[in-house]
Asks: 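Here it is: the structure, laid out below.
Throughout, residue positions are numbered sequentially from 1 according to the sequence presented.
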Amino acid sequence: MGLVDAVYEKIGGTKKAAEDAVDMVFDTITASLAKGEEVAVSGFGSFVVKKRAARMGVNPRSGEKIQIAETTTPKFKAGKALKMAVK
């Protein structure tokens, strides 16, 4: 079962309203992360933005050393309640 279907069954209304609610949550998380902000969902976990420093790597095909640029990536840290629920 998809997330939209689960929300629809839980709150009722229309399936379009459930889809809009789910989209709004993910759009809000995405916009906050794009600004570098942390998003915490109580009892679930938090989404954060991490930077990876530039570093040297090796091309596995040629063995040639290459420079890997700095990157910014989203990370999720599960909260205690979520960890306990899936234990």
Asks: Can you name the closest pair of heavy atoms from Gly57 and Ile68 and give their distance?
Replies: CA-CD1, 3.9 Å
Asks: For Met56, does the CE atom have more than 12 heavy-atom neighbours from other residues, nucleotides or ligands under 6.0 Å away?
Replies: yes
Asks: Using the ring centroid of each side chain, check whether Phe47 and Phe26 are separated by less than 6.0 Å.
Replies: no
Asks: Taking the side chain as C-beta and beyond, is there a heavy-atom pair between Leu82 and Phe76 under 4.5 Å?
Replies: yes
Asks: Measure the CZ-OG1 distance between Arg55 and Thr71 for me, rounded to the nearest 0.5 Å.
Replies: 6.5 Å
Asks: If every non-hydrogen atom of Val7 is compared with every non-hydrogen atom of Ala18, which pair is closest and at what distance?
Replies: CG1-CB, 4.0 Å
Asks: Which residue pairs pass the salt bridge (charged side-chain N to carboxylate O under 4.0 Å, His left out) test with at least one member in residues 18-30, sequence neighbours excluded?
Replies: Lys16-Asp20
Asks: Establish whether Met24 and Leu3 are linked, either directly or via other cluster members, by ILVMFWY side-chain heavy-atom contacts under 4.5 Å.
Replies: no
Asks: Quick one: pull up OG1 in Thr30 and NZ in Lys35 and give me the separation to the nearest 0.5 Å.
Replies: 11.5 Å
Asks: What's the shortest heavy-atom distance between Val4 and Lys15, and which atoms?
Replies: CG1-O, 4.1 Å
Asks: I would like to know whether Val48 and Lys77 meet side chain to side chain contact (heavy atoms under 4.5 Å, CB included); could you show each step before the answer?
Replies: CA-CA 8 Å; Val48 295; Lys77 294 190 287 185; 4.2 Å; yes
Asks: Tell me the closest heavy-atom pair linking Ala78 and Lys83, and the distance in Å.
Replies: O-CE, 3.3 Å
Asks: Side-chain heavy atoms nearer than 4.5 Å, only ILVMFWY residues, links allowed to pass through others: does that put Val25 and Tyr8 together?
Replies: no
Asks: When rounded to the nearest 0.5 angstrom, what distance separates OG1 in Thr72 from CZ in Arg52?
Replies: 11.0 Å
Asks: For Ala40 versus Ser46, what's the shortest heavy-atom pair and its separation?
Replies: CA-CB, 4.0 Å
Asks: If you measure from NZ on Lys75 to CD on Glu38, what distance do you get to the nearest 0.5 Å?
Replies: 14.5 Å
Asks: Does any non-hydrogen side-chain atom of Pro74 lie less than 4.5 Å from one of Val49?
Replies: no
